[in-house]
Amino acid sequence: MTDRLKGGCRCGAVGYEIALSGDLPVYCCHCLDCQKWSGSAFAEQGVIREDAIKTQGPVITSPVTSRQGGQTIQYVCGICHSRIYSTNPARPGIALLRAGTLDETDKLRPQAHVWVKSKQPWVTLPGDVPAFEEAPPSEEIRALLRPAS
Ligand SMILES: [Zn+2]
Ligand SMILES: [Zn+2]
């Protein structure tokens, strides 16, 4: 069965729909870049197939170079500048959704926490969810966070 998840930006000019079957795989990144970028304690990311998301409204794209030299493309509302999702040429076909932009976020259950060595000390992680000091080995994170198809 295919579900349709809906979401959008803060101002409402950009909306989107994601077609997927099964639950959205979500992880939280506690790295300092994500703290800076989100202006919060961690980022909550959903892993989707790039072709599963359809947006409408004034989406602009913005290339951003990471500290490691890789490049990501950020998909952003052109009016309120909410980041909606990003892609990375190193992971073709996969997109990372800012999960907090979904209309319904209360059912999301993160399946992994990464970069917990820089997490804020007041953030308490559930004991039954895998947590990684830094970035996990890519096979391990791929197995945990296979995008729903
Ligand atoms: Zn907006
Ligand atoms: Zn991060």
Side-chain angles (χ1 to χ4, degrees), residues 4-19 23-50 52-106 108-148:
R4 284 189 192 282
L5 299 181
K6 291 187 177 179
C9 68
R10 170 66 182 83
C11 78
V14 170
Y16 64 80
E17 260 193 22
I18 298 167
D23 292 335
L24 176 69
V26 171
Y27 71 95
C28 296
C29 183
H30 300 260
C31 83
L32 295 177
D33 279 348
C34 283
Q35 293 189 31
K36 275 266 188 223
W37 213 342
S38 64
S40 185
F42 57 86
E44 191 180 13
Q45 317 268 37
V47 184
I48 57 174
R49 286 184 299 108
E50 187 178 357
I53 184 165
K54 300 276 177 276
T55 61
Q56 54 189 35
V59 175
I60 57 173
T61 58
S62 160
V64 174
T65 304
S66 75
R67 287 181 209 277
Q68 294 77 29
Q71 199 169 63
T72 61
I73 309 290
Q74 305 291 322
Y75 292 76
V76 176
C77 170
I79 295 171
C80 72
H81 294 186
S82 300
R83 283 190 303 147
I84 307 292
Y85 69 101
S86 62
T87 57
N88 184 336
R91 296 189 67 194
I94 302 290
L96 288 183
L97 177 75
R98 307 305 146 212
T101 62
L102 286 163
D103 289 346
E104 290 179 23
T105 51
D106 55 320
L108 301 175
R109 293 289 176 268
Q111 281 148 281
H113 289 267
V114 306
W115 286 97
V116 299
K117 78 174 190 187
S118 52
K119 85 173 176 57
Q120 293 296 314
W122 51 264
V123 174
T124 306
L125 302 180
D128 57 346
V129 176
F132 301 88
E133 281 295 293
E134 296 187 352
S138 52
E139 323 79 68
E140 221 166 307
I141 195 77
R142 278 194 195 126
L144 279 169
L145 300 168
R146 203 175 295 287

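Throughout, residue positions are numbered sequentially from 1 according to the sequence presented. Just the heavy atoms: all of them, side chains too, but no hydrogens, waters or symmetry mates, feed the values below. Remember, it's 1-based here, ligands and their atoms both numbered in the order they're listed.
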*Which protein atoms of type N, O or S are found under 2.8 Å from the Zn ion (ligand 2)?*
C29 SG, C31 SG, C34 SG

*Check whether any side-chain heavy atom of V47 sits under 4.5 Å from a side-chain heavy atom of I94, and report yes or no.*
yes

*At the Zn ion (ligand 1), what angle lies between atom SG of C11 and atom SG of C80, rounded to 10 degrees?*
110°

*Taking the Zn ion (ligand 1) as the vertex, how big is the angle to SG in C9 and SG in C77, rounded to 10°?*
110°

_So, taking the atom named NE2 in H81 and the one named SG in C11, what distance separates them when rounded to the nearest 0.5 Å?_
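Taking NE2 in H81 and SG in C11, the distance rounds to 9.5 Å.
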
*All side-chain hydrogen bond (donor to acceptor under 3.5 Å, both in side chains) counterparts of D33, not counting sequence neighbours*: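 side-chain hydrogen bond (donor to acceptor under 3.5 Å, both in side chains) list for D33, sorted by chain: R67.
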
_If we ignore hydrogens and angles and just use 3.5 Å, is the side chain of Y16 paired with the main-chain N or O of L102 as donor and acceptor?_
yes

*Judged by atom type as modelled, is there a donor-acceptor pair below 3.5 Å linking the side chain of S82 to the main-chain atoms of R10?*
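At least one qualifying donor-acceptor pair exists.
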
*Determine the minimum heavy-atom distance between I79 and A13, stating which atoms define it.*
CD1-CB, 3.7 Å

_Residue of the set K119, H113, Q35 for which side chain to side chain donor-acceptor pair (under 3.5 Å) holds with H30_ = H113

